[in-house]
Amino acid sequence: DPAYAEKVASYAFLEGVPEFCTRVDEKSLGTKISNEVLRALEPVAHNWMEMGICLGISYDLLEPFDQGDPQASLAAVVQLWLGARYDSTAFGRPSWRKLVEVVGARCGASNPSLAESIAKQHETTTPPAQPNHQEQSQTDEKHKLTPDDLE
């Protein structure tokens, strides 16, 4: 559908995402997490169609769920998204980060405060601690080769 392609092309929402989005876990989500995703998205269920399109799900797949019940429609979007029923190569795999970006984006739910709240709940763990150079040098001393070791 050319109109769908044009709409998606106009969503440059991933450029200039808020800083809090960069701290969100990018690990792929599986279908078992759908209830947690639905609870997180409940406040913006009425934006289910926009979010589905921003997540990369085609209008043709979304249209049958337009039955007047936003919660049921949102549940269908989440299932399609988590089940990767879209072009995941172009739009990326399902992750909390992708969800946060779409919830906060103009083309999605346009709810930056909810996006930030979800982001805080799913921040990546702190990076591994830097090696202690003093401990490393002590370890190196213990394993240092001597001329006697070479004989």
Side-chain angles (χ1 to χ4, degrees), residues 1-137 139-140 143:
D1 180 7
Y4 169 75
E6 184 178 320
K7 190 171 187 177
V8 170
S10 71
Y11 295 148
F13 65 91
L14 294 181
E15 293 179 23
V17 295
E19 191 271 331
F20 66 81
C21 289
T22 63
R23 298 186 308 261
V24 180
D25 196 350
E26 288 186 279
K27 257 189 327 195
S28 285
L29 300 176
T31 55
K32 292 180 182 177
I33 197 147
S34 64
N35 286 334
E36 185 177 355
V37 172
L38 278 171
R39 278 192 303 276
L41 296 177
E42 192 172 326
V44 291
H46 60 281
N47 295 99
W48 68 270
M49 178 70 83
E50 293 84 357
M51 287 190 297
I53 289 171
C54 286
L55 289 168
I57 302 167
S58 76
Y59 181 79
D60 292 340
L61 285 175
L62 294 171
E63 186 179 32
F65 300 107
D66 194 3
Q67 303 295 323
D69 180 359
Q71 288 298 117
S73 299
L74 178 63
V77 167
V78 168
Q79 287 301 315
L80 289 168
W81 182 59
L82 292 175
R85 298 278 315 271
Y86 64 98
D87 184 358
S88 60
T89 305
F91 289 91
R93 302 290 298 162
S95 69
W96 283 112
R97 181 173 180 173
K98 176 66 73 180
L99 192 67
V100 165
E101 290 171 349
V102 168
V103 168
R106 281 191 326 264
C107 72
S110 194
N111 192 324
S113 62
L114 178 61
E116 189 165 7
S117 173
I118 295 169
K120 286 179 182 174
Q121 294 173 30
H122 298 284
E123 285 184 346
T124 57
T125 56
T126 55
Q130 295 297 320
N132 182 328
H133 294 293
Q134 184 177 4
E135 287 177 12
Q136 184 64 39
S137 64
T139 303
D140 291 345
H143 295 90

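The figures here come from the full heavy-atom set of this structure, side chains too, leaving out hydrogens, waters and symmetry mates. In what follows, residues are counted from 1 in the order of the sequence shown.
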Sequence neighbours excluded, the answer for side chain to side chain contact (heavy atoms under 4.5 Å, CB included) partners of P70 is A45, W48

Which heavy atom of [X] sits nearest a heavy atom of [Y], and at what distance?
X    : Y   : value
P94  : W81 : CG-O, 3.1 Å
V102 : C54 : CG1-CB, 3.8 Å
L41  : M51 : CD2-SD, 4.3 Å
H46  : P43 : CE1-O, 3.6 Å
R93  : S88 : NH1-OG, 3.4 Å
L62  : G52 : CD1-C, 3.8 Å

Quick one: side chain to side chain donor-acceptor pair (under 3.5 Å) partners of [X], sequence neighbours excluded?
X    : result
N47  : none
Q79  : S34
W96  : H122
S113 : N111

Discussion item. Does any part of the side chain of M49, heavy atoms only, come nearer than 4.5 Å to the side chain of Y59, both counted from C-beta?
Written reply: yes

Are side-chain heavy atoms of R85 and I57 found at a separation under 4.5 Å?
no

Checking Y86 side chain against I53 main chain: does a donor-acceptor pair fall under 3.5 Å? no

Out of curiosity, [X] [atom1] to [Y] [atom2], how far, rounded to the nearest 0.5 Å?
X    : Y   : atom1 : atom2 : result
S58  : L80 : OG    : CG    : 8.5 Å
L82  : L55 : CG    : CG    : 9.0 Å
I118 : E36 : CD1   : CD    : 10.0 Å

Sorted by chain and residue number, the salt bridge (charged side-chain N to carboxylate O under 4.0 Å, His left out) partners of E26 (sequence neighbours excluded) come out as R97

